[in-house]
Amino acid sequence: MVGETALTAARFLVAPTLDRFGHARGWDPSSYSIHYRANPDVGRIHVLLVADAFDDQDEYQAANEVWDYLQRELREEPEILKSINLDVRGGKKVDEGGLYAVAPSYHKYWRLPQFSSEKH
């Protein structure tokens, strides 16, 4: 999986799955963000999940929890799972910048507004 195909998979399959992970954890959408980039030279999708909930959690444990969720949800897409490099970071670390900042080469996943049948 390379180039635009990888970005398409990240945008329409992996990122929404991570968004469901956040929703399942009861996270406010403003408390986490999803970033991704393709590395076509090696056929990898680098995915970064930044969440305030990870601030006080061991990142290795958090990454395992997220990875387990991805494996369950994307079990029908083994090639995509094989192409993912997952990284998780706490919001505070990212805010510190430096090594933990989100590199400009990453694309941010923008959620579509949730549609509701309720009248305002």
Side-chain angles (χ1 to χ4, degrees):
M1 178 178 309
V2 295
E4 203 54 40
T5 304
L7 283 177
T8 299
R11 188 178 305 124
F12 294 111
L13 190 61
V14 178
T17 301
L18 291 174
D19 201 27
R20 287 192 305 275
F21 174 84
H23 181 74
R25 297 299 177 275
W27 297 348
D28 184 283
S30 66
S31 72
Y32 69 99
S33 58
I34 301 162
H35 309 267
Y36 58 91
R37 70 179 167 93
N39 187 341
D41 296 333
V42 294
R44 306 293 292 175
I45 305 167
H46 298 270
V47 180
L48 172 61
L49 176 59
V50 177
D52 294 343
F54 297 148
D55 284 339
D56 300 318
Q57 187 174 354
D58 176 71
E59 287 180 0
Y60 182 77
Q61 178 185 0
N64 282 337
E65 181 181 342
V66 174
W67 184 250
D68 288 347
Y69 185 87
L70 283 173
Q71 286 182 310
R72 281 192 311 275
E73 295 297 307
L74 300 178
R75 66 186 168 277
E76 302 292 324
E77 303 292 342
E79 291 305 312
I80 290 175
L81 282 170
K82 289 177 190 174
S83 71
I84 297 171
N85 285 0
L86 175 67
D87 191 12
V88 301
R89 295 185 192 151
K92 288 179 187 175
K93 256 190 185 172
V94 170
D95 290 345
E96 287 175 15
L99 214 50
Y100 298 108
V102 177
S105 59
Y106 280 81
H107 300 271
K108 184 172 183 180
Y109 172 68
W110 296 99
R111 295 171 197 88
L112 291 174
Q114 297 299 315
F115 295 99
S116 172
S117 60
E118 295 178 22
K119 294 185 179 186
H120 298 279

When rounded to the nearest 0.5 angstrom, what is the spacing between CD1 in I34 and CG in L18? 5.0 Å

A62 and V88 have their tightest heavy-atom pair at CB-CG2, 3.9 Å

I'd like to know if the side chain of R37 and the backbone of P104 have a donor-acceptor N/O pair within less than 3.5 Å. no

Nearest heavy atoms of R111 and S33, plus distance in Å: NH2-CA, 4.3 Å

Counting distance only, does the side-chain N/O of R75 pair as donor-acceptor with the main-chain N or O of R72 below 3.5 Å? yes

If hydrophobic clusters are built from ILVMFWY residues whose side chains come within less than 4.5 Å, do W27 and V50 share one? no

Indicate yes or no: at least one non-hydrogen side-chain atom of F21 is less than 4.5 angstrom from one of D68. no

With rounding to the nearest 0.5 angstrom, report the CG to CD distance, L49 to E65. 10.0 Å

Would I45 and Y109 show up in the same hydrophobic cluster when neighbours are defined by side-chain heavy atoms closer than 4.5 Å? yes

How long is the gap from CD1 on I84 to CG on L70, to the nearest 0.5 Å? 5.5 Å

Heavy atoms, side chains only, cut-off 4.5 Å: are R89 and H35 in contact? no

Looking only at atom types and distance, does a side-chain atom of Y32 sit under 3.5 Å from a main-chain N or O of D19, one as donor and one as acceptor? yes

In this structure, CG of N64 is separated from CD of Q71 (nearest 0.5 Å) by 9.5 Å

Pair L81-W67, side chain to side chain contact (heavy atoms under 4.5 Å, CB included): steps then yes or no: CA-CA 9 Å; L81 282 170; W67 184 250; 4.1 Å; yes

Do the side chains of L86 and Y36 join up, straight or via other hydrophobic residues, at under 4.5 Å, putting them in one cluster? yes

Between N39 and R44, is there a donor-acceptor pair closer than 3.5 Å when you use the side chain of the first and the backbone of the second? no

Can you list the steps and then say if T17 with Y69 is a side chain to side chain contact (heavy atoms under 4.5 Å, CB included)? CA-CA 9 Å; T17 301; Y69 185 87; 3.9 Å; yes

Do K93 and E96 meet the salt-bridge criterion of a basic N to acidic O distance under 4.0 Å? no

Does one hydrophobic cluster hold both Y106 and F12, with members joined at side-chain heavy-atom distances below 4.5 Å? no

Working for side chain to side chain contact (heavy atoms under 4.5 Å, CB included), residues F54 and V66: CA-CA 11 Å; F54 297 148; V66 174; 3.9 Å; yes

Heavy-atom count check: over 12 atoms from other residues, nucleotides or ligands less than 6.0 Å from D58 CG? yes

